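Okay, structure first, notes after.
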Amino acid sequence: MKVHGRAANLCGSVALAGDKSMSHRALLHAALSPARSTLRNVLRAGVTAAMIGCLQRLGVSIEQAGAELHVQGGAWQPVPDALHCGNSGTTLRLMLGAIASQPLRATLSGTPGLQRRPMQRLADPLRLMGAQIDNDFAPLTVSGGALRGIDYAIPVASAQVKAALLLAALHASGPTTLREPGPSRDHSERMLRALGVDVRSEENVVTLYPLSAALPASQVTLPADMSAAAFMLAVAVLVPGSSIQMQGVGINPTRTGFLETLQEMGADIRITNQRVEGGEPVADLEAHHSALRAVEIGGVRVVRMIDEFPIFAVLATQAAGRTVVRDAAELRLKESDRITVLAGELRQLGVALTEHADGFELHGPQAIQPAAVASHGDHRLAMSLAIAGLLAPGTTTVHGADAVDESFPGFGAVLQQLGAAVEVDPA
Ligand code: S3P
C-alpha cells in the first residue's frame with residue numbers, strides 16, 4: 001500500500017464490520033449447538049475465514065444467505081489431518097478449548113507466526129481439567145473427552161484463555177471458576193448467558209456451571225468492532241479538517257480503554273445514541289480533528305485497550321508532552337512484537353522513542369517522515385503505519401499491507417472513500 005501524505009479533510013461516515021472477538025465466539029457457540037443458528041454482521045476476514053474453515057472441516061455446516069450466516073452444528077466429526085488456524089490466535093485458542101471438551105483427537109496448526117505464540121497459558125489449565133495436549137506451541141495435538149471443572153487463577157489477563165476455558169467448562173463434570181488478574185473482555189460470558197448458560201461474574205472472577213442440555217441455537221446481530229473503529233477515530237483526530245462518524249459500535253466497558261484514553265488526550269469524540277443490543281452496549285461515534293496532549297498508560301487500562309497500542313503509538317507522536325506506556329509486556333506476544341517491531345517501524349518514519357521491557361515512551365509532537373515500512377504480517381501494525389503515512393510530507397510505502405485483510409478487509413478503500421490518496425496493492 002502506498003500512502004501519499006499530508007492528507008486533510010477526511011470526512012464521512014464509515015460502515016464497519018462486526019466485532020472480531022464476538023464473531024469467533026458466535027461461530028463457535030453456534031457450531032456447538034445441534035439447532036440451526038442465524039448470525040448477522042459476522043466479520044468476514046482472514047481470521048474468521050480460519051475459524052469457519054476449521055469448523056467446516058469438523059462437519060459444521062456454515063452457509064451465507066445475504067447478510068446472514070446460517071450455522072448447523074452438533075457432534076463434531078474426526079479430522080484426519082491438522083486443522084489450520086491461519087494466523088489467528090483466537091481461532092487456535094478457542095478451538096483448543098472447544099475440542100478439549102469433545103471426544104475427539106485433533107491437531108491444530110497455523111502460520112509460522114502463530115507457531116511462535118504461547119499456548120502453555122491455556123494448555124496447562126486444560127491439562128488440569130483432564131485434556132491431553134502434547135505441546136505448548138502449535139502444531140499441537142489435543143485429545144479431548146470427559147473433563148472436570150477447576151478453580152484456576154489465570155496468570156495473565158487474557159480473554160482468549162478465559163473464553164477457551166469457558167468452552168471446555170461447558171461439558172465438564174462440575175463448575176469451573178476462573179480468576180483473572182485484570183478485566184479482560186467478557187463477550188463469552190454475555191453471549192453464553194444469553195443462551196441460558198449459568199455463568200456468574202464478579203470482580204474478575206467467573207464461574208460457569210456445565211450444561212444440563214444441549215446449547216440452544218444463537219440468533220444474534222453483532223455490533224461493529226471497536227478495535228476497527230479505533231483506526232477511524234485516529235484518522236479523524238490526527239488529520240487536519242477531518243470528521244468521521246460510525247454507527248452501532250460495541251462499547252462494552254472491557255473494550256473502551258482506547259476511547260477513554262483518546263478523551264483524556266483531549267480528542268473531540270462524541271458518543272451518542274447509547275443502547276443495548278443483543279446483551280452488548282453499543283453507540284454511534286463521531287470524531288473530529290483535535291490537538292492532543294500526552295498521557296501515561298498502565299495498570300488495568302492496558303488490557304481494556306490491548307489491541308489499540310499500535311495506533312495509540314501513532315497518536316502519541318502527535319501529542320504534546322511525554323507519553324509513557326507500562327505494564328504492557330503482553331504486546332510482545334501479539335501478531336508481532338508490538339513493542340520492538342512497532343518501535344523499529346516508527347523509527348523508520350523518523351520517530352524517536354524509547355523501548356521498555358513492558359512498554360515504550362516518547363516525547364511529542366514529532367514530525368513523521370515518509371519512508372518504506374513493513375507490516376511484519378501484523379494487520380494492526382499495517383493499518384497504524386498507513387495512518388502515520390497520512391501525516392508525512394511525501395509517499396510512505398507499507399510493505400505487506402495485505403495483512404489488513406486479517407481483520408479489516410477494505411481498509412484502504414475506506415481511506416480512499418474518505419478522500420485520502422492511497423494506492424492499494426492489487427490482490
Ligand atoms: C481476544 C483477546 C485478546 C486480543 C485479541 C482477541 C479475544 O487476546 O488481543 O485480539 O477475542 O478474546 P489475549 O487474550 O491474548 O489478550
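Keep in mind it's a predicted model, so treat the numbers as computed, not measured. Quick note: numbers below take in every heavy atom, side chains included, and nothing from hydrogens, waters or symmetry partners. Both counts, for ligands and for their atoms, begin at 1 and track the order of listing.
Arg293 pairs by the side chain to side chain contact (heavy atoms under 4.5 Å, CB included) definition with nothing, not counting sequence neighbours. Remark: Arg301 engages Glu260, Glu264 in a salt bridge (charged side-chain N to carboxylate O under 4.0 Å, His left out) (not counting sequence neighbours). Residues meeting the salt bridge (charged side-chain N to carboxylate O under 4.0 Å, His left out) test with Asp405, sequence neighbours left out: none.
Relative orientation of the Phe312 and Phe360 rings is tilted, given thresholds of 30° and 60° on the angle between their planes.
Exactly one of His70, Gln219, Gln72 qualifies for a side-chain hydrogen bond (donor to acceptor under 3.5 Å, both in side chains) with Arg36. That residue is His70.
Using a 4.0 Å cut-off between a side-chain N of Lys or Arg and a carboxylate O of Asp or Glu, Asp307 and Arg380 qualify as a salt bridge.
Within 4.0 Å of ligand 1, protein heavy atoms belong to Lys20, Ser21, Arg25, Thr90, Arg93, Ser158, Ala159, Gln160, Arg185, Ile306, Asp307, Lys334, Arg380, listed by chain and number.
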